[in-house]
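Counting begins at 1 with the first residue of the sequence. The structure presented is a predicted model; accordingly, all values stated were derived computationally and were not measured. Counting starts at 1 for both ligands and their atoms, in listed order.
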Amino acid sequence: MLALGRLLELTLAGHEPAAKIQLTPEGTRLRWLMEGALEVTPPAVTDSGLDLLLSAGIHGNETAPIELLDRLLQDIASSRLKPHARVLFLFGNPEAMRRGERYVEHDINRLFDGQHDLHAGPEAIRASDLEHVSASFFSQPGRIRLHYDLHTAIRGSKIEQFALYPYQPDRPRSHVELERLRAAGIDAVLLYNKGSVTFSAYTYAKLGAESFTLELGKARPFGQNQQVNLDLLEQQLQALIEGRAVETAERPALQLFTVAREVIKHTDDFKMHLPADVENFSELPEGYLLAEDIAGTRWVVEEQGARIIFPNPKVRNGLRAGLLITPAAPGSVLIG
Ligand SMILES: O=C(O)CCC(=O)N[C@@H](CCC(=O)O)C(=O)O
Ligand SMILES: [Zn+2]
């Protein structure tokens with residue numbers, strides 16, 4: 001196997017490879033761009049026209065997707081996978097990955113779209129570097145741009161694998177991409193209805209990619225991801241990389257949700273009234289007092305069919321401490 005196929009090993013060891021460019025016997029080029037970043041270019045004659053960005057480790061303790069990208073890259077470097085797409089592999093937060101923590105000082109997934117300019121420290125610099133390397137990857141005109149930012153969640157979930165679809169005014173959602181997600185084992189999609197400062201929101205709104213954050217199960221340390229089944233996603237990614245269609249098993253229709261309200265933690269007095277082990281997508285009854293903050297601020301559930309995802313009262317002040325979501329009304333979603 002080509003040494004650059006060991007990007008994960010290099011990244012965890014903090015090593016810069018001596019040879020930055022390597023070629024497989026079939027002529028696929030692997031190019032190391034910076035720590036945790038590797039670009040794969042197929043021979044021009046087999047290029048399918050797809051630019052595929054695969055990122056994981058934006059949160060350092062979310063290891064199942066990191067292991068998935070490691071497998072795909074090793075397969076490419078050993079010629080078991082023969083790319084027809086350009087692929088950019090990114091491990092988002094190497095220092096947090098080494099520590100096995102979500103982040104060190106700042107959550108990188110709150111630092112995109114210029115937010116890094118308002119913060120100091122290595123993670124702000126890293127977010128800026130990730131923007132640059134992605135913008136450069138997606139700079140070639142006339143190509144299909146697709147980004148999956150792969151995560152696992154802090155808590156268990158009533159819907160194990162789901163996607164978050166960023167928002168841009170008047171931009172229709174892609175039917176093709178929603179169907180691809182379904183085939184990849186995704187059961188639900190949360191359709192954002194405003195912009196955000198996450199990585200997928202940046203590549204969607206600023207770089208014109210079809211972009212998704214994928215939540216793939218519960219976060220566990222390296223080597224302990226036997227319960228996270230990524231087989232369908234792995235098959236889809238292999239097929240995208242090799243430029244072929246895959247036979248897809250019968251799967252249920254996607255459940256679509258929209259954001260009803262973002263719960264923002266304003267002060268240290270913030271309190272969330274949920275059990276510590278509450279699962280994502282848990283339903284909350286109308287009238288339920290979800291959270292309270294200083295000066296009598298209260299979040300009371302008013303929406304029918306409301307559910308909670310990503311509840312986290314430990315976030316820094318000013319950040320999202322949870323999302324109240326509701327089922328998307330049929331026909332309310334602009335799908336192209
Ligand atoms: O489990 C949690 O509370 C967080 C899991 C996670 O990291 N989710 C992403 C979602 C990004 C998005 O909204 O597109 C995050 O919070 O950054
Ligand atoms: Zn995450």
Side-chain angles (χ1 to χ4, degrees), residues 53-69 90-93 96-97 99-104 106-113 115-116 123 126-127 130 147-168 173 181 186 188-206 209-221 225 228 257-265 272 274-282 291 307-316 318-325:
L53 167 51
L54 298 176
S55 52
I58 286 285
H59 295 130
N61 62 337
E62 300 177 2
T63 62
I66 298 173
E67 292 174 349
L68 168 61
L69 295 200
L90 290 180
F91 293 130
N93 190 338
M97 285 165 55
R99 296 179 188 214
E101 288 168 10
R102 185 172 168 85
Y103 58 85
V104 181
H106 296 291
D107 186 337
I108 286 195
N109 222 17
R110 304 294 178 271
L111 292 178
F112 289 92
D113 198 19
Q115 286 298 309
H116 48 76
E123 280 152 329
R126 182 70 180 173
L130 292 172
H147 176 198
Y148 292 128
D149 185 32
L150 310 179
H151 290 246
T152 45
I154 295 169
R155 55 190 61 252
S157 184
K158 295 200 179 300
I159 301 176
E160 183 79 357
Q161 300 196 343
F162 58 100
L164 303 126
Y165 202 160
Y167 173 80
Q168 200 174 10
R173 313 288 185 169
L181 290 176
I186 297 297
V189 180
L190 175 65
L191 306 161
Y192 275 108
N193 41 27
K194 68 182 184 91
S196 159
V197 292
T198 62
F199 194 18
S200 63
Y202 168 75
T203 57
Y204 185 73
K206 294 297 180 326
E210 281 298 330
S211 308
F212 302 89
T213 303
L214 301 189
E215 294 289 349
L216 300 167
K218 194 169 171 191
R220 292 190 182 82
N225 291 307
V228 184
F257 294 89
T258 54
V259 179
R261 271 185 286 165
E262 251 188 335
V263 181
I264 306 290
K265 171 178 174 178
M272 204 162 217
L274 288 172
D277 60 352
V278 68
E279 292 184 316
N280 286 326
F281 290 95
S282 292
R307 300 181 186 215
I308 184 77
I309 61 168
F310 304 146
N312 185 359
K314 294 189 188 140
V315 294
R316 285 177 180 225
L319 293 184
R320 168 177 101 189
L323 284 175
L324 256 188
I325 63 171

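Distances from the Zn ion (ligand 2) show that E62 has an N/O/S atom below 2.8 Å.
In this structure, S211 OG and Y202 OH are separated by 11.0 Å, a value rounded to the nearest 0.5 Å. Separation of atoms CZ (F112) and CG (L130) is listed at 5.0 Å; rounding is to 0.5 Å.
Counting heavy atoms from C-beta on, the side chains of T203 and L53 come closer than 4.5 Å. The side-chain heavy atoms of N93 and Y103, taken from C-beta on, include a pair separated by under 4.5 Å.
Salt-bridge check for E62 with R102: passed, with a basic side-chain N closer than 4.0 Å to an acidic carboxylate O.
The name of the N, O or S atom in H59 nearest to the Zn ion (ligand 2) is ND1. For the Zn ion (ligand 2), the nearest N, O or S atom contributed by H151 is named ND1.
Both tests do not hold together for R307 against F257: distance to the six-membered ring centre under 6.0 Å, angle to the ring axis within 45°.
Inspection of the S200 and H147 side chains reveals no N or O donor paired with an N or O acceptor under 3.5 Å.
Around ligand 1, the residues contributing at least one heavy atom under 4.0 Å from the ligand are H59, E62, R102, N109, R110, H151, A153, I154, L164, Y192, T198, T213, E215, F310, R320.
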